[in-house]
Participant: 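Let me give you the structure first, and then I'll get to my questions.
In this chain, residues are counted from 1 in sequence order.
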Amino acid sequence: MSSELLCSERPLFGGAISSSFPQRFQDASNIRQVPNHQEVFVDPSRDESLIFELLDFKGDVEDNGSASWFLHDLAREQDAEAFKLIEQSQVTVAPGLSFRNIPSVVTTAVGEMAISKGRQGREAQNLVRVYVANLRLKGVETDVLVTAYEPILINPLSESANAVASGLAVPASQSGNLPMCDVIKHALSTFRVNDWSLFGSSA
């Protein structure tokens, strides 16, 4: 197996949470400022990213379809065009993540959208596949979002074209890398809360 496929456990939020994913993903906080409620990892050579985000629990969003709700919200936030929802999962219980006997649940969704990097305009939009997993830690009133971005088509005007050739992105499997659909599955299956006090007074 290629060393690029090797996953390692990473400490998140000061080690209060951990998850495992490929070593090729670098901590973006070493390159730029990242908000305290996020952990961002990037593979610049493929313009792929993996983001862990802690949000206040959205009680008005139903468990069923919660990941697709957050995916639509991401599309709105990023002023995306050509958004389409490809698939969404049923609600399942997240094993090992119950707190005070209150179970946590998870849903996932996959979509495609045309978005620009940073402050670039619409003329520089890339077509991207976005994978979202929503872990609902109800015992501590927190929605965890795990989001993976995988480029499909790189615009020659995009900043991304400087690091990755413009045009159709080379599939991960062809370059000996774990595809993003499997990266997020692995990150999700190995997601652990090591210190529930991260979530404040409710814990």
Side-chain angles (χ1 to χ4, degrees), residues 7-22 25-44 47-63 65-80 83 88-89 91 94 96-100 102-111 113 115-119 128-150 180 183-203:
C7 294
S8 60
E9 185 176 284
R10 310 287 189 96
L12 307 172
F13 304 101
I17 291 173
S18 59
S19 179
S20 176
F21 45 92
F25 288 92
Q26 307 162 17
D27 188 341
S29 66
N30 296 330
I31 307 161
R32 59 181 170 83
Q33 197 161 7
V34 171
N36 289 338
H37 70 290
Q38 290 184 351
E39 291 275 16
V40 180
F41 296 87
V42 294
D43 179 355
D47 198 38
E48 293 177 340
S49 57
L50 183 65
I51 301 169
F52 298 84
E53 191 169 6
L54 304 180
L55 302 170
D56 290 334
F57 185 78
K58 291 210 174 297
D60 56 337
V61 175
E62 294 281 338
D63 290 346
S66 68
S68 59
W69 186 91
F70 281 109
L71 183 59
H72 278 93
D73 194 50
L74 279 174
R76 282 192 298 271
E77 269 182 26
Q78 299 186 54
D79 201 17
F83 173 81
Q88 57 182 330
S89 74
V91 181
L97 289 174
S98 62
F99 182 76
R100 290 181 181 157
I102 302 171
S104 298
V105 297
V106 61
T107 59
T108 59
V110 184
M113 60 184 82
I115 51 176
S116 308
K117 295 281 276 191
R119 296 181 181 176
V128 178
R129 181 162 290 172
V130 185
Y131 303 84
V132 171
N134 176 210
L135 276 163
R136 315 205 82 185
L137 307 182
K138 297 185 178 186
V140 287
E141 298 181 343
T142 300
D143 271 314
V144 179
L145 274 196
V146 185
T147 310
Y149 289 87
E150 176 182 53
M180 287 307 278
V183 169
I184 193 168
K185 279 178 193 168
H186 189 72
L188 204 56
S189 68
T190 57
F191 186 95
R192 298 287 176 269
V193 177
N194 304 312
D195 182 1
W196 289 92
S197 69
L198 170 70
F199 302 102
S201 57
S202 59

Participant: With distance as the sole criterion, is a donor-acceptor pair present between the side chains of Asn134 and Ser66 under 3.5 Å?
Facilitator: yes

Participant: Should the pair Asp27-Arg32 be classified as a salt bridge under the 4.0 Å nitrogen-to-oxygen rule?
Facilitator: no

Participant: Is the count of non-hydrogen atoms from other residues, nucleotides or ligands lying under 6.0 Å from Asn30 atom CG greater than 12?
Facilitator: yes

Participant: Quick one: do Thr108 and Ser89 satisfy side-chain hydrogen bond (donor to acceptor under 3.5 Å, both in side chains)? Show the steps, please.
Facilitator: CA-CA 5 Å; Thr108 59; Ser89 74; 3.2 Å; yes

Participant: State whether the side chain of Ser104 and the backbone N or O of Leu97 hold a donor-acceptor pair below 3.5 Å, judged by distance alone.
Facilitator: yes

Participant: Relative to the ring of Phe191, is the ring of Phe52 parallel (under 30°), tilted (30 to 60°) or perpendicular (over 60°)?
Facilitator: parallel

Participant: In plain terms, say whether Asp143 and Lys58 are close enough for a salt bridge, that is, a side-chain N and a carboxylate O under 4.0 Å apart.
Facilitator: no

Participant: Taking Thr190 for its side chain and Ser20 for its backbone only, find out whether a donor-acceptor pair lies under 3.5 Å.
Facilitator: yes

Participant: Which of parallel (below 30°), tilted (30 to 60°) and perpendicular (above 60°) describes Phe25 and Phe21?
Facilitator: perpendicular

Participant: Going by the rule side-chain contact (heavy atoms from CB on, under 4.5 Å), which residues pair with Glu77 if we only count those two or more places apart in sequence or in a different chain?
Facilitator: Asp73, Leu74

Participant: Name the residue from Asp47, Leu50, Val128 that meets the side chain to side chain contact (heavy atoms under 4.5 Å, CB included) definition with Tyr149.
Facilitator: Val128

Participant: Sub-3.5 Å donor-acceptor pair from the side chain of Ser49 to the main-chain atoms of Phe41, do we have one?
Facilitator: no

